[in-house]
Student: 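Input: one structure, supplied below.
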Amino acid sequence: RIFAMQTGFAMLEAAYARPSGAANIMMKNLMDMLVGAIAFFFVGFEIAYGIRPGFIDDGTFDWTFWFIQFSYATTAATIDSGALAGRVSFNSYVLLSMMMSGVIYPVVLSWTWGGGWLQKWGFIDFAGGVVVHAVGASSALVCAAFCGPRIGRFRRYCGWRGVWAKLFMERRTDEYYRGPQNDIERVVFEDIRLIHNPVQALFGGFLLFCGFLAFNPASTYSTIKNDDLVVARATAATLLSGASTSVAVFLSAAVLRRSAIVSVPEFSTALVAGLVSSCSCCHVVPAACSILIGLTSALVALATQHLLDGMMIDDTVSAVAAHGPPGILGSISVALFAKPDCTNNIAGLFFGGGQAAWELLGVQLTGCLAIVSFSLVATYVTVFLIDRLVGFRCSRAAEIVGLDYVEHDYEDGTMQKSPEKSYLVQETPEPHRNDSFYEKYKHSTSPNKLYAKGSNNSKSSVGSAGSSSDDKKEQEPPVEAPIDEKEAESERGTVEI
């Protein structure tokens, strides 16, 4: 069931993506598991625990433990996929996923669960609220900021300025991200929606809920002696943390919109946030406290997503908001709400922990800061190198036409019917073009039909592709009014970026 969480993530992410990129999302989630297994087998597990899985199994290696840790590694890696949905090159993403499963996550794992310095300090993270989810969220934040938003996500987009533009190597104009630039792009372009398949998203939420009820208790690694009591407590706390989000979404709707309507994107974000918040602390906190932790984390996640939207950082599935702050809050909750019993002797500040609880709070905060900082820096270096070597973001034409067409040779029958789409596929530059696909359709449209009279290049405004004399009488698509740059700058809020 832990491994099945990947199915839940894949279903949830594909529901947010455009239909023309849904298969691309599923492919990325599959590759998270496949290349992640290879990377974690050859490199990751040895970095984390100093033990190399043997090529010849002599019966002494604990493959159950390896499999559980591998499942955690792919969970951290797949968070990037959701944040980058619809605009990252497939091959570049595979390289990033290999680095996450093979290097970045295992380094953090060695610090916390592999006998490293944080474990020696007493850092507590039962099921990976910080070790897994905050690492993935920090990585996703860097990737989303580096990659830029989907075309058309922010109609008044204002890009990075000053040192931030240099840091994230911004090479495109603000207009690039704001929407289609000519008539051909307007015909092909699919408008950005927060969610494209709400039923699929909710089904993915069901799968994730089921997966978390195995993900957290499995961190006991056994059910003997007192471990069965820990399993029961962790399961109940996880369930109640997730259930508390039902209250959070109504509170959020009432405060933000003065309404009782609960939207599917907000609900799915809050649900994942509540479940993530239970990961670090579900083995030591009372059931009532788990409700409070889940409720608070869900509200913080929704507020974080609004903050990212205000900063014009495009996180397609709210992965950063749902996994980052909730994971950190869950870790801090260990020092606040832990209650000693027959299975543990940890006491939080609210249960008589005293000086020891204050020290534990310091350790938890230090661990969160160190882990998040490392993930931010390591991901930035990785993405920087990938971008320099092969390019990180897909081409403009590939994004508008759909990554299923360009990167996976999937044709749904619209290519021959849409000369505009065929033309954009021809305009897709290397290395983001599938050559077999390109050769198949490169003669399907005459350039003379695509270019309007007087056009100079493909970036200029063009007429409707393949239009007849009767079609020319139809009204041309309206040209959007120019956007005032100062007004666009103000859209990011008071923070100048």
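No experiment lies behind these values; they were computed from the predicted model shown. All values below come from the heavy atoms of this structure, side chains included, with hydrogens, waters and symmetry mates left out.
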Student: Salt-bridge test for Arg396 and Glu185: reply yes if a basic N is under 4.0 Å from a carboxylate O, no otherwise.
Tutor: yes
Student: Is it true that Ser97 and Asp80 share a donor-acceptor pair across their side chains at a distance under 3.5 Å?
Tutor: no
Student: Are Leu95 and Asn91 close enough that some pair of their side-chain heavy atoms sits under 4.5 Å apart?
Tutor: no
Student: How far apart are the C-alpha atoms of Asp315 and Leu84, what are their side-chain angles, what is the distance that settles it, and do they pass the side-chain contact (heavy atoms from CB on, under 4.5 Å) test?
Tutor: CA-CA 7 Å; Asp315 179 359; Leu84 294 171; over 6 Å; no
Student: Any idea which heavy atoms bring Val264 and Ala201 closest together, and the distance?
Tutor: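 Residues Val264 and Ala201, closest heavy atoms: CG1-CB, 4.4 Å.
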Student: Between Thr316 and Glu13, is a side-chain contact (heavy atoms from CB on, under 4.5 Å) present by the stated rule, with each step listed?
Tutor: CA-CA 8 Å; Thr316 307; Glu13 293 168 16; over 6 Å; no
Student: Taking the side chain as C-beta and beyond, is there a heavy-atom pair between Ile51 and Glu46 under 4.5 Å?
Tutor: no
Student: Side-chain contact test, heavy atoms from C-beta onward, threshold under 4.5 Å: evaluate it for Tyr405 versus Ser20 and give yes or no.
Tutor: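 Contact flag for Tyr405/Ser20 side chains = yes.
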Student: Return the minimal non-hydrogen interatomic distance between Ile79 and Val132, and the atom names on each side.
Tutor: CD1-O, 4.4 Å
Student: Between Ser278 (side chain) and Thr238 (backbone), is there a donor-acceptor pair under 3.5 Å?
Tutor: no
Student: Do we see a donor-acceptor contact under 3.5 Å between the side chains of Ser331 and Gln364?
Tutor: yes
Student: Salt bridge or not between Arg393 and Glu399? Use side-chain N to carboxylate O under 4.0 Å.
Tutor: yes
Student: If we ignore hydrogens and angles and just use 3.5 Å, is the side chain of Ser297 paired with the main-chain N or O of Gly294 as donor and acceptor?
Tutor: no
Student: Please confirm whether Phe392 and Phe384 have ring centers closer than 6.0 angstrom.
Tutor: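 No.
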Student: Quick check: closest heavy atoms across Gly129 and Cys279, and the distance to 0.1 Å?
Tutor: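 Answer, listing the atom of Gly129 first, then Cys279: N-CB, 3.5 Å.
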Student: Is a salt bridge present between Asp387 and Arg171, judged by a nitrogen-to-oxygen distance below 4.0 Å?
Tutor: yes
Student: Check for me whether the distance between the ring centres of Trp63 and Phe67 falls short of 6.0 Å.
Tutor: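 Ring centres of Phe67 and Trp63 not closer than 6.0 Å.
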Student: Under the 3.5 angstrom rule, does the side chain of Glu407 hit a backbone N or O of Asp409 as a donor-acceptor pair?
Tutor: no
Student: Where the side chain of Ser375 meets the backbone of Val372, is there a donor-acceptor pair that is under 3.5 Å apart?
Tutor: no
Student: What distance separates Leu385 CG from Tyr380 OH, expressed to the nearest 0.5 Å?
Tutor: 10.0 Å
Student: Centres of the Phe45 and Tyr49 rings: under 6.0 Å?
Tutor: yes
Student: Give me the atom names and distance for the closest heavy-atom approach of Gly330 to Cys281.
Tutor: O-CB, 3.6 Å
Student: Report yes or no: do Thr379 and Ser139 form a side-chain donor-acceptor pair below 3.5 Å?
Tutor: yes
Student: Is it true that Arg161 and Asp174 have a side-chain N and a carboxylate O under 4.0 angstrom from each other?
Tutor: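 A salt bridge is present here (some side-chain N lies under 4.0 Å from a carboxylate O).
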Student: With distance as the sole test, does Thr245 use its side chain to make a donor-acceptor pair with the main-chain N or O of Gly242 at under 3.5 Å?
Tutor: yes
Student: Quiz question: by atom type and distance under 3.5 Å, do the side chains of Asp314 and Tyr157 form a donor-acceptor pair?
Tutor: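 Absent: no donor and acceptor within the cut-off.
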Student: Kindly indicate, with the supporting measurements, whether the criterion side-chain contact (heavy atoms from CB on, under 4.5 Å) is fulfilled by Val284 and Ile124.
Tutor: CA-CA 10 Å; Val284 293; Ile124 298 173; 6.0 Å; no
Student: Which label fits Phe126 and His283: parallel for a plane angle under 30°, tilted from 30 to 60°, or perpendicular past 60°?
Tutor: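 Judged by the thresholds at 30° and 60°, the geometry between Phe126 and His283 is parallel.
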Student: Going by atom types alone, do Asp32 and Thr78 pair a side-chain donor with an acceptor below 3.5 Å?
Tutor: yes
Student: Looking at Ser252 and Ala248, would you say the former's side chain and the latter's main chain have a donor-acceptor pair under 3.5 Å?
Tutor: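 Such a contact is absent between Ser252 side chain and Ala248 backbone.
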Student: What distance do Ile332 atom CD1 and Phe337 atom CZ have between them, rounded to the nearest 0.5 Å?
Tutor: 10.5 Å
Student: Under 3.5 Å, is there a donor-acceptor pair between the side chain of Ser395 and the main chain of Ala398?
Tutor: yes
Student: Nearest heavy-atom pair of Lys28 and Ser81: which atoms, and what distance?
Tutor: CB-OG, 3.9 Å
Student: Flag the pair Trp111 / Gln119 as yes when at least one side-chain heavy-atom distance between them is below 4.5 Å, and no otherwise.
Tutor: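 They are not in contact (no side-chain heavy atoms under 4.5 Å apart), so the answer is no.
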Student: Please check if the side chain of Asn24 supplies one atom and the backbone of Leu403 the other of a donor-acceptor pair under 3.5 Å.
Tutor: no
Student: Can you list the steps and then say if Arg233 with Val285 is a side-chain contact (heavy atoms from CB on, under 4.5 Å)?
Tutor: CA-CA 9 Å; Arg233 185 176 194 171; Val285 298; 5.8 Å; no
Student: First locate atom OG of Ser71, then atom CZ of Phe40, and finally report the distance between them rounded to the nearest 0.5 Å.
Tutor: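 Here the interatomic distance stands at 9.0 Å.
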Student: Just by distance, do the side chain of Ser92 and the backbone of Gly391 share a donor-acceptor pair under 3.5 Å?
Tutor: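 It does hold such a pair.
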Student: Side-chain contact, heavy-atom cut-off 4.5 Å: His133 with Ile328?
Tutor: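 They are not in contact (no side-chain heavy atoms under 4.5 Å apart), so the answer is no.
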Student: Have Ser268 and Tyr16 got a donor and an acceptor in their side chains that come within less than 3.5 Å?
Tutor: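 Yes, Tyr16 and Ser268 have a side-chain donor paired with an acceptor closer than 3.5 Å.
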Student: If you count heavy atoms of other groups shown closer than 6.0 angstrom to CZ of Phe154, is the number above 12?
Tutor: yes
Student: From Ile192 CD1 over to Arg150 CZ, what is the distance, rounded to the nearest 0.5 angstrom?
Tutor: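 Separation between the atoms: 4.5 Å.
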Student: Nearest 0.5 angstrom please: Met98 CE to Ile38 CD1, how far?
Tutor: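 Those atoms lie 7.0 Å apart.
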Student: Do Tyr72 and Leu109 touch side chain to side chain, with heavy atoms closer than 4.5 Å?
Tutor: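 Not in contact.
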Student: Any idea which heavy atoms bring Val108 and Thr112 closest together, and the distance?
Tutor: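 Heavy atoms of Val108 and Thr112 come nearest at O-OG1, 3.0 Å.
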Student: Out of curiosity, Leu361 CG to Leu336 CG, how far, rounded to the nearest 0.5 Å?
Tutor: 6.0 Å
Student: Is there side-chain contact between His408 and Phe90, with at least one heavy-atom pair below 4.5 Å?
Tutor: yes
Student: For the residue pair Trp117 and Phe123, establish whether any side-chain heavy-atom pair is separated by less than 4.5 Å.
Tutor: no
Student: Is Leu194 atom CG crowded by more than 12 heavy atoms from other residues, nucleotides or ligands, each under 6.0 Å away?
Tutor: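 Open: at most 12 neighbouring heavy atoms sit under 6.0 Å from CG of Leu194.
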Student: Is it the case that the side chain of Thr269 and the backbone of Glu266 share a donor-acceptor pair, with hydrogens and angles ignored and the cut-off at 3.5 Å?
Tutor: no
Student: Report yes if the distance between the aromatic ring centroids of Phe209 and Phe206 is under 6.0 Å, otherwise no.
Tutor: no
Student: Between Asp309 and Arg153, is there a side-chain N and carboxylate O pair less than 4.0 Å apart?
Tutor: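 Answer for the salt bridge query: yes.
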Student: What is the ring orientation for Phe41 with Trp66, classed by angle as parallel under 30°, tilted 30 to 60°, or perpendicular over 60°?
Tutor: perpendicular
